[in-house]
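Only this structure's heavy atoms are used, side chains among them; waters, hydrogens and symmetry mates stay out. Keep in mind the model is a prediction, meaning the values are calculated, not measured.
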Amino acid sequence: MPPTIPGFTYHRVPVADGVRLNVAVSGSGTPIVLLHGFPQTHLMWRHVAADLAADHTVICPDLRGYGASDRPAETDGSGYAKRTMAADVVALAHALGHDRFALAGHDRGALVAFRAGLDHPGTITHLACLDVLPTLDMWDVLHGTSAAVGFHLYLMAQPPGLPEELIAAAPDAFFGYFLDLWTRDPAAIPADVRTSYLDACRAAVPSIVADYRASAGIDVTHDRADLDAGNRLRMPVAVLQQDWGAALGFDAAALWRAWAPDLRHGTVGCGHFMAEEDPGVVAKTLRELVAEH
């Protein structure tokens, strides 16, 4: 059995036709939904979730296509659009009895949270995004040799077939590469959690690639339409990122502020997996955000 978050109850909740999400729930009080990133599962929130559950209802799902959630086959290019995945999250919260909730996401989960904030502004009360840029800005800043850090983005953006075949040929090497490269403190991801991440990714190569492929296609279309229409994130927004903006030649806070007028932006001194490497800072940031009206 894969590890779980101690003290949390697990459910499988229908959120769309043929799609059920695996979700861990604990605590009471104002609800906070936490969305994981790549190449992880809901377990990445285990420290932060336990902290927040002292005075909040904490909901930690595996995104569609990841972990123990269902992995529907992509058929028309929209199955893993962030709009579709955001609708999953809203349906999940509603099924658990919450019409309005705070939402935090890391990496891929932050892109889902970003889309949920744009599509469901009356539902998302507060929004936090960890160590990611909005999709349009991400593609804009990747250029020249610095874009080599995002090689996986370009690989998984290719048409179906080759990316899945290449990754499935050595999944542990592929997904493990990012767990090693993006972590400053290897002890932050213990062996049993690492094994759980790799097991989950190994079983989900097509859906993970579909998630990334959407971010080079339909997600760009959706985000561009919102940008052109003047749609912005109207709720209080907190963004935490590694201090890599200056090194890559762009102002991450300014890029975010263009989307989120009510922004709190901070940097952390750890690696990409900040909820595991510095959970105290992440939990503090979320508590302070949700405390605001």
Side-chain angles (χ1 to χ4, degrees), residues 35-40 63-66 71 73-86 105-115 129-183 197-198 200-227 239 241-242 244-252 255-256 258-259 271-273:
L35 306 180
H36 66 85
F38 164 93
Q40 300 156 293
L63 295 166
R64 81 156 57 192
Y66 288 83
R71 302 186 290 270
E74 180 61 271
T75 56
D76 62 1
S78 67
Y80 289 89
K82 302 308 153 295
R83 172 160 288 161
T84 302
M85 298 172 81
H106 173 258
D107 189 84
R108 307 304 296 173
L111 298 181
V112 177
F114 174 82
R115 173 45 55 191
C129 295
L130 308 186
D131 217 35
V132 77
L133 291 176
T135 299
L136 289 178
D137 300 297
M138 175 192 71
W139 289 117
D140 284 346
V141 303
L142 289 173
H143 55 81
T145 57
S146 66
V149 301
F151 79 94
H152 60 301
L153 302 173
Y154 294 94
L155 171 63
M156 290 189 275
Q158 303 309 308
L162 183 62
E164 292 87 345
E165 183 176 351
L166 291 176
I167 296 169
D172 288 6
F174 181 77
F175 296 113
Y177 173 82
F178 300 103
L179 292 173
D180 294 336
L181 181 68
W182 294 344
T183 307
Y197 290 162
L198 293 178
C201 288
R202 194 184 310 118
V205 171
S207 54
I208 292 174
V209 174
D211 168 31
Y212 273 86
R213 185 175 290 121
S215 286
I218 194 169
D219 294 342
V220 170
T221 300
H222 291 159
D223 287 3
R224 177 65 64 186
D226 278 312
L227 184 67
V239 172
Q241 296 179 291
Q242 295 179 79
W244 40 248
L248 292 183
F250 58 86
D251 184 341
L255 295 176
W256 267 105
W259 286 97
H272 177 61
F273 303 114

Under 3.5 Å donor-acceptor, Q241 side chain and L130 backbone: no
Heavy-atom closest contact (L136 atom, V220 atom, distance): CD2-CG1, 3.7 Å
Test item: R71 side-chain N/O and P206 main-chain N/O as donor-acceptor pair under 3.5 Å: no
Spacing of F273 atom CZ and Y197 atom OH [to the nearest 0.5 Å]: 8.0 Å
Residue pairs fulfilling salt bridge (Lys or Arg N to Asp or Glu O under 4.0 Å) with at least one residue in residues 168-181, sequence neighbours excluded: D172-R202, D180-R194
From CE (M85) to OH (Y66), nearest 0.5 Å: 6.0 Å
For H222 against A81, the heavy-atom pair lying closest together: CE1-CB, 4.3 Å
Residues K82, D211: salt bridge by 4.0 Å N-O rule: yes
Close side-chain approach of L153 to M138, heavy-atom, < 4.5 Å: yes
Atom pair CG (D219) and CH2 (W139), whose distance is rounded to the nearest 0.5 Å: 10.5 Å
H36 side-chain N/O to L63 backbone N/O, donor-acceptor pair under 3.5 Å: yes
A204 to G65 - nearest heavy-atom pair and separation: CB-O, 3.3 Å
side-chain hydrogen bond (donor to acceptor under 3.5 Å, both in side chains): pairs with one or both residues in residues 150-170, sequence neighbours excluded: E164-R213
Stepwise side-chain contact (heavy atoms from CB on, under 4.5 Å) check, Y80 with S207: CA-CA 8 Å; Y80 289 89; S207 54; 3.3 Å; yes
Nearest-0.5 Å distance, CG of residue L255 to CG of residue D140: 8.5 Å
Which atom of P39 lies closest to which atom of F175, heavy atoms considered: CG-O, 3.7 Å
Shortest non-hydrogen contact between T135 and S215, atoms and distance: CG2-O, 3.4 Å
Separation between CG of D107 and SG of C129, rounded to the nearest 0.5 Å: 11.0 Å
Lys NZ or Arg CZ of R108 over Y212 ring: under 6.0 Å, within 45°: yes
Pair listing, salt bridge (Lys or Arg N to Asp or Glu O under 4.0 Å) test, anchored in residues 150-161, at least two apart: none
Full working for side-chain contact (heavy atoms from CB on, under 4.5 Å) between L181 and H272: CA-CA 9 Å; L181 181 68; H272 177 61; over 6 Å; no
Validation row: I167, L155 side chains within 4.5 angstrom (heavy atoms): yes
Any side-chain heavy-atom pair of W182 and D131 under 4.5 Å: no
Parallel, tilted or perpendicular: ring planes of F178 versus F174, cut at 30 and 60 degrees: perpendicular
Pair D137-F250, side-chain contact (heavy atoms from CB on, under 4.5 Å): steps then yes or no: CA-CA 10 Å; D137 300 297; F250 58 86; over 6 Å; no
Flag, side chain of W259 to backbone of L227, donor-acceptor distance under 3.5 Å: no
pair R64-T84: side-chain heavy atoms closer than 4.5 Å: yes
Side-chain donor-acceptor contact under 3.5 Å, R83 with S78: no
Rounded distance [0.5 Å steps], CG in L35 versus NE2 in H106: 12.0 Å
Closest non-hydrogen atom pair, G77 against I218: O-CG2, 3.5 Å
